[in-house]
Amino acid sequence: MSISNIFPVKIYKIKLPNYKEVLAALESRLNNYRNNFDKSQSILNEHNEHNQFYNIKHNLTFDKGVNYPELEDTKKFIAEHAQLYWNELGYSNKLMPTVHNVLINLSYQDSFLMDHIHAPWPIIASIYLKFKDGHGQLMFTSPIDTLLMTQPISDHFSNHYHYNDIEEGDVIIFPGYLRHRFNQNIIEDERICISYYLGSEIKEL
Amino acid sequence: MSVIEIFPVKVYKVKLPNYRAVLKSLEPRLEYFRQNFAKRTTTSTGEDSKKTFNNIIHNFAFDNGAVEDYPELTEVVSFIEEHSKIFWKELQYHDRLTPQVKHLQLGMSYENGYLMDHVHVPWPMTASLYLKKPASSGDLVFTNPNDMVMMSQPIGDNYADHYYYNEIEEGDLVIFPGYIRHRFNQNKTTDERLCLAFNIGCKEIDARRPWGTI
């Protein structure tokens with residue numbers, strides 16, 4: 001008797017060796033955001049609810065950093081490993097993945113980010129510069145979860161979700177179509193994650 | 001660096017020890033079907049082709065509907081139910097429901113016969129038993145349930161991750177979720193391929209509830 005696991009979704013994981021230096025290099029810029037970010041802000045919709053996609057009421061901020069010189073080396077690191085991942089996924093060898101956009105995310109207590117995808121970007125890479133237990137897990141959802149819910153599963157949803165074991169400095173690279181969320185940050189501590197959006201360019205032949 | 005594989009679809013495979021004896025016990029029935037059904041109809045051209053699901057020129061499948069009508073398969077059904085319980089558990093399906101063979105289909109395929117993409121839902125599981133499987137008589141190919149999303153990716157012309165070709169030998173029993181799209185590729189031999197498909201539901205099924213009285 002044997003059980004085969006077919007059609008898996010592949011995720012790439014690697015440690016950024018100098019992540020502490022990257023964080024230190026960003027510190028003055030991050031301080032600027034911390035000082036100017038109004039943590040009491042609340043965006044309400046017509047139902048008087050705060051944003052249901054991300055809990056901005058409880059402190060979550062973004063910044064675009066694609067042109068930050070202190071992130072240039074990380075962009076090269078990401079592009080190098082994204083190429084290996086690209087090959088692993090069997091994506092076209094006439095194209096090469098390139099970083100098009102960079103998003104810096106600072107998350108505070110009670111913040112979360114609901115299910116979303118990054119398509120049509122083919123690949124996303126996330127670096128966890130500050131991360132500890134309680135910060136909220138990065139959780140992937142099976143792309144066929146609706147189909148699985150039609151099966152006689154009772155209350156077993158463990159095959160529907162994948163909880164990533166993350167440590168500081170980890171880089172997770174995953175397909176842009178893969179639905180994911182950040183669970184709630186339940187501690188009084190800042191989480192910092194930088195996301196790289198990778199598109200592709202035609203290779204010179 | 002590591003590549004982690006998540007959200008796989010699980011497929012169960014086991015060998016039926018006495019498959020030759022099972023084939024022998026079915027032989028009078030098979031001969032009847034050969035004489036009465038094989039090559040009788042064609043749906044590849046003409047008006048009937050519009051409703052063609054499978055090319056039954058040399059490939060026909062009949063559905064007897066009830067396992068009770070096949071007393072010679074009683075032990076096979078028990079074997080399948082025993083293994084489907086293990087697979088059921090592996091899939092983390094409901095522990096208060098018991099998988100049970102409800103229905104069978106017998107497929108005999110001849111030269112050029114094939115069966116196009118299909119699923120067996122709402123049956124949660126299907127078991128395919130290969131009693132006659134000559135080499136090159138057509139692979140059982142699963143299609144990735146995420147294939148439409150994957151086709152939106154920059155894959156070029158590489159579809160390798162979209163399909164899974166099962167390596168099958170005579171006597172193999174393959175159990176898979178009923179929602180997995182699959183096909184039988186063309187039988188490129190002049191020999192007969194014989195496959196029995198058992199659709200598996202739940203013993204406790206209740207018309208008021210989709211999965212039974214739980």
Side-chain angles (χ1 to χ4, degrees), chain A residues 1-15 81 84-86 88-97 117 119-120 122-123 140-148 150-165 171-179 199-200, chain B residues 1-15 83 86-88 90-97 99 119 121-122 124-125 142-150 152-164 166 173-180 201-202 210-212 214:
Chain A
M1 183 276 278
S2 65
I3 292 176
S4 304
N5 292 321
I6 65 173
F7 305 135
V9 176
K10 293 179 180 177
I11 306 299
Y12 189 100
K13 190 173 180 183
I14 190 158
K15 185 78 90 179
H81 286 279
L84 298 176
Y85 183 50
W86 189 272
E88 180 72 30
L89 294 178
Y91 285 0
S92 174
N93 58 13
K94 293 177 183 168
L95 299 171
M96 56 186 281
I117 60 171
I123 288 177
F140 293 126
T141 300
S142 169
I144 59 165
D145 67 325
T146 305
L147 188 54
L148 293 174
T150 67
Q151 302 307 301
I153 53 169
S154 176
D155 52 358
H156 294 291
F157 289 89
S158 56
N159 289 337
H160 298 213
Y161 305 111
H162 177 81
Y163 292 85
N164 290 276
D165 290 326
V171 179
I172 309 284
I173 312 181
F174 56 97
Y177 67 75
L178 191 57
R179 201 147 33 106
S200 62
Chain B
M1 181 275 280
S2 62
V3 174
I4 305 157
E5 298 190 336
I6 63 175
F7 304 135
V9 175
K10 292 177 191 283
V11 175
Y12 190 101
K13 190 174 176 183
V14 67
K15 182 79 89 179
H83 285 278
I86 300 170
F87 190 42
W88 190 271
E90 179 71 27
L91 294 177
Q92 299 189 333
Y93 284 178
H94 206 300
D95 57 11
R96 282 194 274 168
L97 293 174
V119 295
V121 287
M125 286 179 182
F142 292 129
T143 300
N144 191 325
N146 200 29
D147 66 330
M148 292 298 170
V149 173
M150 295 180 68
S152 71
Q153 303 307 300
I155 54 170
D157 53 1
N158 180 5
Y159 290 87
D161 288 340
H162 295 218
Y163 305 111
Y164 180 81
N166 291 273
L173 177 75
V174 180
I175 314 179
F176 53 94
Y179 64 76
I180 291 295
C202 302
W211 300 115
I214 53 176

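Given the structure is predicted, the values throughout are model-derived calculations rather than measurements. A, B, ... follow the sequence lines: proteins, then strands. Residue 1 opens every chain.
The candidate with the highest count of non-hydrogen atom pairs below 4.5 Å against chain A, out of B:His162, B:Lys15, B:Gln92, is B:Gln92. Contact count against chain A (heavy-atom pairs under 4.5 Å) is highest for B:Thr143 among B:Asp161, B:Val121, B:Thr143. Heavy-atom pairs under 4.5 Å with chain A were tallied for B:Asn158, B:Val3, B:Asp95; the largest tally goes to B:Val3. Comparing B:Ile155, B:Val14, B:Val9 by heavy-atom pairs within less than 4.5 Å of chain A, the highest count is held by B:Val9.
Only one option out of A:Val9, A:Leu178, A:Leu148 pairs with A:Ser142 in a side-chain contact (heavy atoms from CB on, under 4.5 Å); it is A:Leu148.
Shown here for A:Ile117 and A:Tyr177, the closest heavy-atom pair between the two residues is CG2-O, 3.4 Å. Smallest separation of non-hydrogen atoms from B:Tyr179 and B:Tyr93: CE2-OH, 4.1 Å. Here the closest heavy-atom approach between residue A:Asp165 and residue A:Lys13 is recorded as O-NZ, 2.6 Å. Shortest non-hydrogen contact noted between A:Phe7 and B:Asn144 is CZ-N, 3.3 Å.
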Worksheet item: For A:Trp86 and A:Ser200, what are the C-alpha separation, side-chain angles and deciding distance, and is it a side-chain contact (heavy atoms from CB on, under 4.5 Å)?
Response: CA-CA 10 Å; A:Trp86 189 272; A:Ser200 62; 3.6 Å; yes
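Interface remark: B:Tyr163 contributes backbone atoms only to the contact with chain A (heavy atom separation under 4.5 Å). Of the atoms belonging to B:Ser152, not a single heavy atom falls under 4.5 Å from chain A. The part of A:Ile144 that comes within reach of chain B is its side chain, from C-beta onward, which places non-hydrogen atoms under 4.5 angstrom from that chain. Within the 4.5 angstrom heavy-atom criterion, only backbone atoms of B:Leu91 (N, CA, C, O) approach chain A. Contacts between A:Tyr161 and chain B at a heavy-atom distance below 4.5 Å involve the backbone alone (N, CA, C, O). Both the backbone and the side chain of A:Ile6 come within less than 4.5 Å of a heavy atom of chain B.
Every residue two or more places apart in sequence or in another chain that forms a salt bridge (charged side-chain N to carboxylate O under 4.0 Å, His left out) with B:Asp147 is listed here: B:Arg181.
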